[in-house]
Structures are given as C-alpha cells and as structure tokens.
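Comments concern the structure below.
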Amino acid sequence: MMSQKAKYALRALVALARAGRGESRMIGEISRDQAIPKKFLEQILLELKRAGLVSSRRGRMGGYELVKAPEEIMYGEVLRLIDGPIAPLPCLSKIAYRKCEDCKEESSCEIRHVFERVTLATRAVLDSTSLADSLNLEDLPVDEVA
C-alpha cells in the first residue's frame, strides 16, 4: 500500500504542475489547498528538491516550482523515491531484489508468477503516467479486468 507520505508528495507535485511552468507556490498555500500538514510538507519538498524534481526560491515571490515539465515526472519515479520498490514480493523488486527465504525455486513458484503479473501491470501504469496525465482525469484510460 502506498504511504501517506507518497500520497502527499504526489498531491504537492500535482499542485505545482497545476500552477504552470515557471510559476512557484508557497508551502503554506500548498499545505492549505491540499490539506497536508505544513511541517510534513516541508520535509517532503526538501526530499523532492534533493532528488531534482523541484526547486525553491526565497522571498516574496518565492516558493517551490517543478524543475522538470509535468510530462516528464512519472508516478512510478515519485513512488520509488518516497516509498522504495514497487513490488509486493522482494523477489520481484527491480531496485531491492532479494530471494524469498521460504522459496525453493523462483521459476516454479506459483505465488511469484501471479504477483509478477500484478507487478508488471502496476509498473506499466505508474511508469507511463505523468503528472500532466493525472491533471486530465477523464483522459486516463481504465481497463476493466474480466
């Protein structure tokens, strides 16, 4: 499950994407509009700044703004940054792989095969959905699973 921190990070980034290219928003403004505790938001924005997703300016016209275009920031990138691997099993992780202790052989593990499909589908959506895409909710495709 996605952490509250990741959810707040995505909401803050979407708020910055909505502001427009080259426009900054103050922490207090984002905090109020997105119902994110201000102290927590400060920590999240610093983490996003260290990762090169946002920049900050001081002063009356200061605040935070996106460094990259909203089309270039993918949900998967943000989730991995904040929450780590996008995988329900350690043997399916791209960035933190480790063999499951109770598994004899990955190639014959029924559980792994099912969750591999889930993981690949999840990654496909998250790694191809940008902040810009999420601003147009009606344009986001939703495939129903039979």
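- Cluster membership for Leu53 and Leu135, using ILVMFWY side-chain heavy atoms within less than 4.5 angstrom, is shared.
- Smallest separation of non-hydrogen atoms from Ala9 and Ile82: CB-CG1, 4.0 Å.
- Leu41 and Leu81 end up in the same hydrophobic cluster when Ile, Leu, Val, Met, Phe, Trp and Tyr side chains are linked at under 4.5 Å.
- The structure places OG1 of Thr119 at 11.0 Å from NZ of Lys94, a figure rounded to the nearest 0.5 Å.
- Annotation: the span from Arg112 atom CZ to Ser107 atom OG amounts to 9.0 Å, rounded to 0.5 Å.
- Of the options Glu65, Glu29, Arg57, a side-chain hydrogen bond (donor to acceptor under 3.5 Å, both in side chains) to Ser24 is made by Arg57 and by none of the others.
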**Q.** Intermediate values then yes/no, side chain to side chain contact (heavy atoms under 4.5 Å, CB included), Ser56 and Lys49
**A.** CA-CA 8 Å; Ser56 64; Lys49 183 178 177 179; 2.8 Å; yes

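- Counting non-hydrogen atoms of neighbouring residues, nucleotides and ligands closer than 6.0 angstrom, the CD1 atom of Ile111 reaches no more than 12 such neighbours.
- Between Ile86 and Ile95 there is no side-chain heavy-atom pair separated by less than 4.5 Å.
- No donor-acceptor distance shorter than 3.5 angstrom exists from the side chain of Ser93 to the backbone of Pro90, with no hydrogens or angles considered.
- For the pair Ser130 (side chain) and Ile73 (backbone), a donor-acceptor distance under 3.5 Å is absent.
- Within the 4.5 Å cutoff, the side chain of Arg80 has heavy atoms near those of the Asp127 side chain.
- Counting only heavy atoms from C-beta outward, the side chains of Tyr75 and Leu13 never approach each other to under 4.5 Å.
- The side-chain heavy atoms of Glu116 and Leu120, taken from C-beta on, include a pair separated by under 4.5 Å.
- Here the closest heavy-atom approach between residue Pro88 and residue Phe115 is recorded as CG-CD2, 3.7 Å.
- Between Ile30 and Leu16 there is a side-chain heavy-atom pair separated by less than 4.5 Å.
- In this structure, Leu89 CG and Cys109 SG are separated by 7.5 Å, a value rounded to the nearest 0.5 Å.
- In plain terms, the two heavy atoms of Leu131 and Ser134 that are nearest each other are O-OG, 2.8 Å.
- How far CG of Leu66 is from CD of Glu71: 10.0 Å, rounded to the nearest 0.5 Å.
- Residues Tyr64 and Ser55 form no side-chain contact, since every pair of their non-hydrogen atoms from C-beta on lies 4.5 Å or further apart.
- If you chain together hydrophobic residues whose side chains sit under 4.5 Å apart, Ile44 and Met2 fall into the same group.
- Although no hydrogens or angles enter the test, the distance criterion places a donor-acceptor pair under 3.5 Å between the side chain of Ser128 and the main chain of Ala124.
- In this structure, Glu23 CD and Arg18 CZ are separated by 15.0 Å, a value rounded to the nearest 0.5 Å.
- Placement of Tyr8 and Met26 in two distinct hydrophobic clusters is found when ILVMFWY residues are connected by side-chain heavy-atom separations under 4.5 Å, directly or transitively.
- Inter-residue side-chain proximity for Met74 and Leu126 is flagged as unmet; no heavy-atom pair is nearer than 4.5 Å.
- Linking Ile, Leu, Val, Met, Phe, Trp and Tyr residues whenever their side-chain heavy atoms come within less than 4.5 Å leaves Val125 and Leu10 in two separate clusters.
- Closest of all the heavy-atom pairs between Arg25 and Ala19 is CD-CB, 3.5 Å.
- Counting non-hydrogen atoms of other residues, nucleotides and ligands closer than 6.0 Å to NZ of Lys99 gives a total above 12.
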